[in-house]
Amino acid sequence: MVRQPYLKKGTWSHDEDQKLIAYIRKYGIWNWNEMPKFAGLQRSGKSCRLRWMNYLRPNIRRGNFSREEEETIIHLQKTLGNRWSAIAARLPQRTDNDIKNYWNTRLKKRIMGEKKNSSSATTETKSSMEENSSDADSSMMVDILLDYQIPTMDDFPELAVYATFST
DNA sequence: AAGCGGTGCAACCGCTTCTAT
DNA sequence: CATAGAAGCGGTTGCACCGCT
């Protein structure tokens, strides 16, 4: 039995963030399992990867989701299901974890509430709602989203320093 | 001011998929 | 083709924070 070295868990400190950023800037991403050792971090590769992908990576937008983003998430969740990474691929600068959290904590509740309301609503209200979100509209929306060109590093020249090791 | 409950988010866990040999 | 290791993914949990009483 090989004793596992002590691996820290829980919230990342500023110092750990800096170490990971500095290491990736210098050497890029080559092997998540080996990297933490060399970066001087007592973290699992998984933990480093998650931290980088969801928080430290450049081009990440955090906080308030716009109305458009909300609608996009709702539409895509409807058509793709809980495939958060696929949904995230259509929402530039948002991470799958962020989208998942946003869905679970806010949108799901809202959708549930709307469903309850619509099931008790008059048929008139229902039909007007259906006009607004017909299947045709939904599939058109999805087509548009699927055609969306995900920005590349070329779109962010000021971040060229990261270009050698993105994704 | 203190206690409490609800909320949101960061991070972990376990499983699946991908890739290299 | 089989296998092992790495990477990716989605569900879930734990905790910090905030507002209310």
Side-chain angles (χ1 to χ4, degrees), chain A residues 1-117 138 141-142 145-156 159 161-167:
Chain A
M1 283 287 243
V2 178
R3 187 200 287 262
Q4 287 293 317
Y6 167 76
L7 291 178
K8 197 173 172 234
K9 288 186 183 180
T11 314
W12 279 64
S13 67
H14 180 71
D15 188 48
E16 288 176 305
D17 283 348
Q18 291 309 309
K19 278 183 181 172
L20 185 58
I21 292 168
Y23 186 86
I24 291 176
R25 273 190 178 161
K26 198 164 179 186
Y27 301 104
I29 296 164
W30 50 283
N31 180 320
W32 285 115
N33 284 327
E34 298 297 322
M35 268 168 52
K37 263 191 309 208
F38 294 95
L41 291 162
Q42 289 178 315
R43 293 276 183 175
S44 69
K46 254 185 165 181
S47 180
C48 292
R49 182 189 157 273
L50 200 75
R51 183 65 178 170
W52 174 257
M53 292 300 188
N54 291 329
Y55 203 87
L56 303 174
R57 192 162 51 112
N59 307 340
I60 290 181
R61 183 138 55 101
R62 312 193 57 75
N64 298 344
F65 279 71
S66 69
R67 187 75 195 169
E68 287 77 21
E69 285 175 316
E70 279 188 13
E71 294 305 321
T72 305
I73 294 168
I74 291 166
H75 273 289
L76 289 173
Q77 201 281 337
K78 199 172 161 185
T79 51
L80 300 175
N82 294 356
R83 293 176 55 206
W84 306 117
S85 58
I87 294 173
R90 305 293 154 201
L91 282 167
Q93 302 169 38
R94 295 291 186 184
T95 71
D96 52 353
N97 207 39
D98 237 12
I99 293 169
K100 180 173 62 181
N101 278 335
Y102 193 68
W103 172 264
N104 285 330
T105 57
R106 304 187 201 186
L107 295 179
K108 195 157 82 176
K109 287 175 195 165
R110 207 175 78 194
I111 300 293
M112 294 294 191
E114 279 172 10
K115 268 190 182 168
K116 267 191 179 175
N117 285 341
S138 304
M141 177 73 169
V142 170
L145 291 165
L146 293 175
D147 283 344
Y148 179 79
Q149 288 295 310
I150 298 166
T152 65
M153 278 298 175
D154 295 342
D155 298 315
F156 303 93
L159 294 160
V161 63
Y162 296 102
T164 52
F165 49 79
S166 65
T167 58

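Note on naming: letters A, B, ... go to the chains in the order of the sequence lines (proteins, then strands), and numbering restarts at 1 for each one.
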Between C1' on C:dG11 and CZ on A:R83, what's the gap in Å once rounded to a whole number? 16 Å
Calculate the interatomic distance between A:N33 atom CG and C:dA4 atom P; express it in whole Å. 17 Å
Is there a donor-acceptor pair under 3.5 Å between the side chain of A:K19 and the backbone N or O of A:L41? no
Could you tell me how the ring of A:W103 sits relative to the ring of A:W84: parallel (under 30°), tilted (30 to 60°) or perpendicular (over 60°)? tilted
Do A:Q77 and A:I99 come close enough that some side-chain heavy atom pair is under 4.5 Å? no
How would you list, by chain and number, every residue that makes a side chain to side chain contact (heavy atoms under 4.5 Å, CB included) with A:S47, sequence neighbours excluded? A:W12, A:R43, A:S44
End-to-end bend of the helix from B:dA2-C:dT21 to B:dT21-C:dA2 (five-pair axes, 10° rounding)? 10°
Could you tell me which residues satisfy ring-ring contact (aromatic ring centres under 6.0 Å, His included) with A:F38, sequence neighbours excluded, listed by chain and number? A:W30
Mind checking side chain to side chain contact (heavy atoms under 4.5 Å, CB included) for A:A86 and listing every partner two or more places apart, or none if nothing turns up? A:L80, A:R83
Using only side-chain N and O atoms of A:T105, determine if any of them is under 4.0 Å from OP1 or OP2 of B:dT7. no
Per-nt protein contacts along nucleotides 10-18 of chain B (heavy atom under 4.0 Å; B base, S backbone sugar-phosphate only, - none) come out as BBBSBB---
I need the CD1-P distance between A:I99 and C:dG8, as an integer number of Å. 17 Å
Base, sugar-phosphate alone, or nothing: which one does A:W103 contact when heavy atoms must sit under 4.0 Å apart? nothing
Qualifying residues under side-chain hydrogen bond (donor to acceptor under 3.5 Å, both in side chains), relative to A:Q42, sequence neighbours excluded: none
Using a 4.5 Å cut-off on heavy atoms from C-beta on, say whether the side chain of A:W52 contacts that of A:I29. yes
A:E16/A:K8 salt bridge by N-O under 4.0 Å criterion: yes
Between A:W84 and C:dG11, does any side-chain N or O lie under 4.0 Å from OP1 or OP2? yes
Distance in angstrom units between A:I87 CD1 and C:dG8 P, rounded: 19 Å
In whole angstrom, give the distance that lies between atom CG of A:N104 and atom P of C:dT13. 12 Å
Between C:dA7 (C1') and A:R57 (CZ): distance, integer Å: 14 Å
What integer distance in Å separates A:R106:CZ from B:dG6:P? 18 Å
Between atom CG in A:D96 and atom P in C:dG8, what is the gap in whole Å? 11 Å
